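Written below as structure tokens is the structure these notes are about.
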Amino acid sequence: MPGILGIYPFGLGRENWRLARFVYYGLLALQHRGQEIASIITFDKELHNVTKKGFVDEAFDEKTINSIPGFIGVGFVSPTEEQTPIEVSNPLGLILVGDGKPELEEDVRESWRAFAELLAEEIDRTKNALRAALNIIEKVNGGYSFIALTENQELIAGRDVHGVKPLEVGSLGFDLGAVASESSALDVLGMEHIACVKPGEVVKFDPYSIERGRVKGADKVEPKYCSFEYVYLARPDSIINDIPIYKVRESIGVMLAKEHPVKADIVIGIPETAIPFALGYSKSSGIPVSLGFVTTGRKVRTAIKPSIFERLVGVQLKLNPIKCVIDGKDIVLIDDSVVRGTTLRNTVWNLKRKGARRVHVRIGSPSLVSSCPYGIEIPPPDELIARALDEREIAEVIGADTFSFLSIESLCKAIGLPCNRLCLSCWRRRT
Amino acid sequence: MKVMGVGGGAREHALAEAIARSTHSPKIYWVSELRNPGIYRIVKQSGGEYALARTTDAIKVAELAEKWNVDMVVIGPEEPNFHGVPDEVEKRGIPCIGAKRSLSIIEMSKAEMRRLQWRFNIPGKLLFKTYRSYEEAIEDLEKHADTLTWLQNVALKPARQAGGKGVKVVEDLQVYLRSEKKQFKKRHIRWIEQYMKKYGDIEERILIEEKVWGPEYTLQCFVDGRTVVGMPLVQDNKHAYEYDIGPETGGMGSYTGRGYLLPFITKEEYDRSLEIVKAMVDAIQRITGERYHGFIAGQMMLTEIEGPTLIEMYSRLGDPEGVNVMAMLKTDIVDIFEAIIDERLSKIKIEFAEVATVVKAMAPKGYPDFRDLAKNHPVYVDEKAIEKAGCKLYWGSVHLKEDGSMVTGGSRMIEILAFGESPQQASIKIERCLSNRPVRLLDGWELFYRSDIGSEEMIRKRTEIAERVRRLYKYREERGILGKRVDWHPKIGKIDPVKNLLDELKVIRS
């Protein structure tokens, strides 16, 4: 689930741009997709790769940004320290950033390395970067999006034939073209969001053209858009595959209210992802929505922070219930997903301690029971609470009065696509 | 009858083709800088002659017209107009379909065009300012850098028509990227200044206009000095590359709906646009005392602030937009030319086929900003394959050499047109045709074109934007604030930039 971004200048005077700062702000907008690694990659005569640990704004201070030259820019944020931009120098210099996992090796990083090497070899062999990328995508299964920048000033961006991972295209005036994991990164740069790269499609930018191509037959392949993106990963102001995230999340709330109605005084969403769910739930049920928590510190994605300890600290720092809102109330508490249940148990406990009478937990996604085949950092299956326990049991464990997941069918309905056009792997039990 | 044409691009090929369709079976004569293979063939078939010459050399062109003893001359591109070719031709008693030098100022000087529009208070205006030098522009922009004035969001343009080159839009909405964008703005102004020096026929070099957004469309018209007759709307696509990304070009492709309207422009908007063009023709005729005989076009945009808005004017047909309408034209074009000459356009019926069209231009890589790279590549075109695919070929910037071989001229090389029930259908036809690569460069240098022109997605996108803008300008209209702008400067207070401009330019009330 890393965030990737590429920005490319065209026309007379294109070498005059300095894009490091553009990449920096684009990465800030993709920060939620990964907080362990941040990279700014640029080209000016040669490739530069500045990869650092931590949050984007910690990794890159003013001085560092100003010191990075280059008029072509690529950015990367990763949720794991292992996954960094892949550099290839033979037979062709190339730096590649990717989201998801090409099915080449067991390990995600190794898969990307193999992918980058294949791509470099194929470009060298065919002398045609577009053709080369299409050949590779046609051959390599998996769910992935990538951006590669070559020493020949070619920026190549593509998606696997099922389009599992997102990739969106944008532009700025007559000058810049861009691709990014999410449209909100383009918005933040003041760009026009144009369209998604289609499943199995490759877009190639070079100094004198943009070329697009699609793997033969890809238009007849069912897409398998990652449903986790819609529920949880993407920013609510993003539009992915022509579907606005916010609209999906509000619909999820509406679906939840229909599927799992309950009598209560207020609806509260856990910040930030679950807020739109709560608004939808309220709209549909007529139960007023309230602001239940104030967050402290950074927006840490608690489901993907590495250790349990960090997660506990994370959640306590993050979620402080507002006492006067919840005191004496029956509450519908809405969260986006349940991984281990640790954060939820703490939250419910905190709510009760501050005076909540009943806490009915509703989850804006189906039960998370399997790991992601495409590299989303979901803990191993035996750590997933939903795999071990049913809804009634989970309620008992986390101290809630009732507890319900969204059904898979409702999720698809909320996204607005038939279930067979979505990747639902993590919600489905695999043996 | 003998008809002579001037100019060697795809637009002129389409004009030549329309002339060749005439029931008057005219002999066709032509002059251009490169020998356009398509026009050359038409000329030869008609029994006419083809000459190579600088089409901006008014004397030379007029002498050819005289020598060939033609009945009329039709001008394709803008530069011959700017250089007074129509004036010189008419001086010799030969009627010319082309805006005279003084009239063509509405295209040559973007600043004059805008000034004229403001002085006559014609709707669809944009705030503007001109500068003579780099220093002047920078000083003024810096002065307003932190104020709430329209100078924050501007389009920077060369003040003279420069083959569609050099337009940049720079927004300062992202405060955190301001330094990057400001630097770029400065560099671009410097570039415009240098570039404009090359023309040397205009004092104002840099034009700054308020930035607007909305769907663009071109309204091309016939004019005879009394009547302005509108043609079907065409949408041109200026960005060089797919997705509307990349530098500004003369136009990479264009489409029409079935009939006069585009899928996202209403009849009312068409009528208002036509009123604007008519008013501009009246204005330029009043100022110059000349009669406008020829083509005129408004490059329009639907904007929040003004509704139908004039972005630029052409003193000719658009290219590629001219190709669309010439292919759709059912009326005998020679009849139309005669009506223009006699100023009786209002008496004849001009008809266009009720069919959608799409035109896609192909250009060698390097176009538009690095033309040297795009020049002198040997060309191969399988004309039969294109015809078989139900498409039509228009030759553009290609030179047919004496030995029969062809090389690229550096600009848009060919344009492919298809008819269809809808632009989407026509677009698919062209895609199918080009997928077999009937057009190639023999030295392996690559060509590019835009697959997205006329596509379902493009039209959906344009429609969405049009609807958004329409909601906004209609609302302004209802509240009586269409065209109203309010600025604020901490040291000056509230500013009405419209009133200021009108005062400054002393509005002429008709």
Side-chain angles (χ1 to χ4, degrees), chain A residues 7-26 28-29 57 62 65-66 71 73 127-128 130 168-179 187-198 201 203-214 216 242, chain B residues 153 155-156 164-181 183-184 186-188 190-192 195 211 213 238-249 363-371 373-374 444-452 455 457-458 460-461 465:
Chain A
I7 311 174
Y8 202 92
F10 291 105
L12 215 63
R14 56 190 289 277
E15 290 94 355
N16 290 335
W17 285 97
R18 277 186 80 126
L19 290 183
R21 193 177 302 273
F22 277 76
V23 175
Y24 171 81
Y25 282 104
L28 279 185
D57 57 348
E62 195 61 25
I65 296 168
N66 288 332
F71 54 88
K127 307 290 176 219
N128 179 334
L130 181 78
E168 301 288 326
V169 184
S171 73
L172 183 80
F174 289 114
D175 305 303
L176 302 177
V179 279
D187 294 339
V188 163
L189 295 173
M191 293 189 169
E192 192 83 25
H193 172 221
I194 297 166
C196 62
V197 176
K198 290 182 183 141
E201 189 177 29
V203 182
K204 190 202 78 177
F205 300 69
D206 68 37
Y208 312 116
S209 70
I210 293 178
E211 285 176 68
R212 290 162 75 178
R214 212 169 166 190
K216 239 195 180 131
D242 294 327
Chain B
N153 285 318
L156 305 175
K165 265 183 101 165
V167 176
K168 298 266 182 202
V169 176
V170 183
E171 282 175 272
D172 263 345
L173 296 176
Q174 281 67 38
V175 173
Y176 43 85
L177 290 170
R178 195 184 263 183
S179 63
E180 266 76 2
K181 291 185 181 172
Q183 262 202 1
F184 197 80
K186 276 190 187 173
R187 271 195 296 262
H188 187 63
R190 173 69 84 192
W191 177 83
I192 291 176
Y195 190 74
K211 152 119 170 105
W213 59 275
K238 291 284 182 197
H239 287 276
Y241 315 129
E242 300 278 313
Y243 302 111
D244 289 329
I245 298 178
E248 186 174 40
T249 67
K365 277 192 176 186
Y367 176 79
D369 281 3
F370 308 98
R371 291 197 195 197
L373 290 173
W445 187 257
E446 282 173 75
L447 292 165
F448 72 94
Y449 72 98
R450 286 183 57 175
S451 70
D452 58 345
S455 67
E457 280 164 53
M458 172 177 274
R460 198 185 61 217
K461 194 111 193 166
I465 294 173

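Computed from a predicted structure; not experimentally measured. In what follows, every chain begins at residue 1, and chains take the letters A, B, ... in the order their sequences are listed.
Contacts of F22(A) with chain B are made by both backbone and side-chain atoms, with heavy-atom separations under 4.5 Å. For chain A, the nearby part of F370(B) is the side chain; its heavy atoms alone come within less than 4.5 Å. Of the two parts of L176(A), only the backbone, made up of N, CA, C and O, holds a non-hydrogen atom closer than 4.5 Å to a non-hydrogen atom of chain B. Proximity to chain B is absent for every atom of P9(A), based on heavy atoms less than 4.5 angstrom apart.
The backbone N or O of K238(B) sits less than 3.5 Å from a side-chain atom of T249(B), completing a donor-acceptor pair.
Here E192(A) does not pair with K461(B) in a salt bridge; the nearest charged N to carboxylate O distance is not below 4.0 Å. Ion pairing between a basic and an acidic side chain is recognised when a charged N comes within 4.0 Å of a carboxylate O; D206(A) and K365(B) show such pairing.
The aromatic rings of Y8(A) and F205(A) lie tilted to each other, with the angle between the two planes from 30° to 60°.
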